[in-house]
Structure formats: structure tokens, C-alpha cells
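I have placed the structure first, in the form of C-alpha cells, so that the comments after it can refer back to it.
Note that the structure is a prediction, hence the values are computed from the model and not measured. Note that ligands are numbered from 1 as they come in the structure, with each ligand's atoms numbered from 1 the same way.
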Amino acid sequence: MKTSPKLISTISGIEYPFERIEEFADNGESLEVFIPNLEKAKIKSGEYLWQRFADFLPFTQMSEDFHLGEGNTSLIQADQRLREFTGISNLLLKNEAQNPTWSFKDRGSLACIFMSKKMGEKVTATISSGNMGNSIAAYGAKAGIKVVVFVPEFTPKEKIMAMSIHGAIIIRVKAEDYSMMKKHILSFAKKLNLRIVSGNGPIRVEGYKLTAFEMFEQMKNKVPDYIAVPTSACGHIRGLFKGYRELKQAGITNKLPKMIVVQAKNNSPIVTAIKKGEEHVVPFSNFHTVAEAITTGNPMGGDEIIHKAKKYNWLAESVSEEEILVSQKKLGEVGYFVEPASATSLYAVKKLFKAGKIEKGATVVMMLTGTGLKDLDVFQYYHLNVMESDIGKIEDDVRNLLKNIYR
Ligand SMILES: *Cc1c(COP(=O)(O)O)cnc(C)c1O
């Protein structure tokens with residue numbers, strides 16, 4: 001008989017029951033699921049990750065009725081040009097843009113929606129600048145749960161459209177500051193008994209954890225030296241790390257990866273704190289960055305990441321707007337169209353390698369978190385290379401073009 005899982009706060013270890021409507025501890029700390037009997041956990045056989053890693057999950061079964069085919073994303077060697085650009089000879093790309101709504105958020109949304117169903121909820125809500133809302137909208141649609149998404153004004157229209165096709169109720173909220181808007185919504189939601197799933201809730205993190213297990217299988221039971229993660233609400237990075245930590249607790253591996261926290265320089269509340277050696281998030285407000293998927297200026301879960309970065313010797317790096325655009329373009333030139341937030345890792349690992357923080361020969365995985373197609377505003381910064389022609393001169397145009405190529 002399995003002991004039931006519980007929630008514990010990630011810094012001071014305060015315990016809460018598993019079925020908690022608020023996603024953070026009373027003192028604001030992020031919560032994580034404590035999995036009982038991990039030392040006896042084994043990898044089993046089964047079609048889905050959640051079946052093979054059932055011993056590591058708080059749910060005895062994650063229903064097939066609610067999934068949309070998330071996961072099984074590719075993990076491949078980066079192109080030679082990216083390896084030269086960064087200096088890292090052993091660079092791998094984990095392409096999470098291959099998920100059903102084109103971002104890693106889907107793995108967490110499956111867990112969240114499964115939990116909502118279990119708790120008998122008819123409505124679930126989230127506050128999101130895009131991918132989270134899109135993902136919850138899709139999984140809610142699949143499971144027959146009404147989804148409410150609160151979006152800030154800067155949300156790209158492509159992401160709003162994607163939410164809308166799934167029938168979500170979208171509320172665009174005018175507010176001076178995104179963090180303030182979040183705080184306000186969270187405060188009244190509790191009164192209304194409306195569960196707001198955040199990017200850093202403990203159940204969502206259980207979904208992200210599966211990515212670590214998937215990579216462990218893909219790398220033939222090896223653990224990479226570093227994993228670079230564009231970070232905002234902090235759910236993804238801690239989910240990945242929790243997966244490896246639990247494999248280690250089960251005695252399946254004895255190595256932990258070092259995480260690399262990546263943020264945009266214009267909004268780097270966690271990276272700034274880590275670099276300055278501070279214990280708490282350094283809040284940012286009234287900023288602008290092209291990396292709109294990583295715009296949490298004052299992340300509630302940030303302190304946990306700062307704490308873990310110190311404890312486990314993680315790395316942290318921020319990148320300028322220009323570096324983000326260069327990175328997005330570089331990835332595009334080798335076949336990956338990711339959104340600006342996803343591209344941040346490329347320049348970050350390049351700078352860390354140059355500074356000697358990543359050693360020669362180390363294996364580095366870059367998480368490509370989401371697709372470029374959902375943020376097309378960014379093209380205002382690029383030159384669109386389109387050759388104009390017409391039916392009368394197209395043949396000559398192509399002849400000249402080929403002549404230039406073969407010259
Ligand atoms: C949500 C998101 C992130 C940040 O992940 P967190 O779990 O909020 O830290 C990074 N990139 C993309 C594309 C995202 O959608």
C-alpha cells in the first residue's frame with residue numbers, strides 16, 4: 001500500500017495536504033510534492049512515461065483520456081555551426097516546441113487538468129502571457145473543463161488566437177505592472193474559490209519532471225553535466241531538477257545535472273540575485289523585453305531557485321535584447337524556429353563557456369521551450385528577405401539567381 005503523497009514547502013519544509021487549492025505555502029514559498037518510498041522506486045515497463053515512472057508520481061494513474069500526445073520530443077546533437085558559435089562541443093537540443101501546443105507547458109498542463117478533474121472542478125483558471133494559457137485551454141478543452149485565462153495587454157495576438165480556438169474565456173487585463181496584476185487576481189480568486197494554476201504549482205512541476213525521465217531514457221541512462229533553461233515562473237527548471245534528484249534518491253543514478261538559469265537582462269530577478277549572492281529575488285518592473293514568455297518580474301518561486309543555485313552550484317546568466325535576437329536568428333539558420341524566450345539559452349551558454357564557467361568537453365542540454373510561430377511581432381526587428389517578381393520576368397529572375405548560386 002502506497003503512503004499518500006503530501007506537499008512540502010521548498011525552503012522550510014512546512015507540510016500541507018496534497019489537495020490544496022492555493023499553489024504556494026502561507027509564507028509564499030513554493031511547494032513540492034513529497035513522493036513516499038522513493039528509495040524503493042523502480043522504472044517499469046509501459047507505453048507512456050507516466051506508466052514507466054509510476055513509482056515516482058503522486059498519481060497512481062494519469063488517465064489516457066486527458067492527454068494530447070505531449071512528450072516524446074527530440075533530443076539531438078546541435079548543428080556544428082551552433083557548436084562553433086557557443087564553443088561547446090557537446091551541445092544537445094531538447095525541442096519542446098514539438099509538443100501539442102508547441103511549448104513544454106503541455107507536460108505540466110496534463111498533470112494540472114488531471115488534478116482538476118480529480119478534485120471535481122468545473123472551472124480552472126490561469127494568468128498567462130501566452131503559452132501557459134494556450135496549453136491549459138487545450139487540455140481543459142480535451143477534458144471538458146471550462147478554462148479562464150487572464151492575459152496582460154502585451155500578450156501576442158497569435159497566442160490569444162490559439163487560446164480562443166479551444167473555447168477558453170479570455171480576459172485581457174489593463175494593469176500597470178504584470179506582477180501586480182497577478183497578485184491582485186490571486187488575492188480575489190481565493191475568496192471566490194477559483195483555483196488559479198500558476199506556472200510554478202507543485203502539480204504542474206510533477207508533469208515537467210517527466211521531461212527529466214524522458215531525457216534520461218533518451219541519453220541511455222546518462223545525466224548531462226548542464227541543462228540551460230529560460231526561466232520565468234520557475235516551474236520548468238525545478239521540475240527538471242526534481243526528476244533527476246528523485247532518480248538519484250531511487251539509486252538509479254548517482255549524478256545530478258547542474259542547472260543553468262537563463263533570463264533576459266531587462267528582466268532578470270533571479271539571475272541578478274544569484275550573481276550578487278543575495279537570498280531573495282530582486283524584483284523588476286516596468287521593463288520591456290522581446291522574450292515575452294519570460295516576463296515574471298517578481299516570481300514567487302524565485303527564492304527556491306536562488307536557494308538551490310547556491311546549494312547545488314548552479315550557473316546563471318542573462319542576455320541582452322540584441323543577444324536574444326542574434327540567438328533566435330542563429331537557431332533559425334540551422335532549422336529551428338523558436339520564440340525569443342527560448343533562444344536566450346544559446347547566447348547564455350556561449351557567454352558561460354567563454355567565461356570558463358562551463359568546462360571544455362561538458363555535455364550541455366539546451367531546452368528549446370517554445371515555437372517562434374506564436375510571436376510574430378518580433379519580425380519588426382528582422383529584414384524579411386523576399387524577392388519580388390512577376391509572371392513576365394520570373395524565368396529570367398530564376399536564371400540569374402541560379403547563376404549567382406553556381407558562380
Ligand atoms: C513558460 C515559458 C518559459 C518559462 O518557464 P517557467 O516554468 O515559467 O520558468 C520559457 N520559455 C517559454 C517559451 C515559455 O512558454
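- By the 4.0 Å N-to-carboxylate-O rule, Arg107 lies close enough to Glu214 to be salt-bridged with it.
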For ligand 1, run through the N/O pairs with the protein that fall under 3.5 Å and put one pair on each line.
residue  : atom   : partner : partner atom : Å
ligand 1 : 7 (O)  : Gly235  : N            : 3.2
ligand 1 : 7 (O)  : His236  : N            : 2.9
ligand 1 : 8 (O)  : Ala233  : N            : 2.8
ligand 1 : 9 (O)  : Ser232  : N            : 2.8
ligand 1 : 9 (O)  : Ala233  : N            : 3.2
ligand 1 : 9 (O)  : Cys234  : N            : 2.8
ligand 1 : 11 (N) : Thr369  : OG1          : 2.8
ligand 1 : 15 (O) : Lys105  : NZ           : 2.7
ligand 1 : 15 (O) : Asn131  : ND2          : 2.7

Listing, residues 150-171 side-chain donor-acceptor contacts under 3.5 Å, not counting sequence neighbours, or none:
residue : atom : partner : partner atom : Å
Thr155  : OG1  : Pro152  : O            : 2.8
Lys159  : NZ   : Glu292  : OE2          : 2.4
Lys159  : NZ   : Glu339  : OE1          : 3.1

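- Note: Thr86 OG1 to Ile358 CD1 = 8.5 Å, rounded to the nearest 0.5 Å.
- Looking at Lys242, Arg245, Lys209 one by one, the single match for salt bridge (charged side-chain N to carboxylate O under 4.0 Å, His left out) with Glu32 turns out to be Arg245.
- Classification of the Tyr382-Phe379 ring pair by plane angle, with boundaries at 30° and 60°, yields perpendicular.
- Between Phe56 and Phe213, the ring centre distance stays below 6.0 Å.
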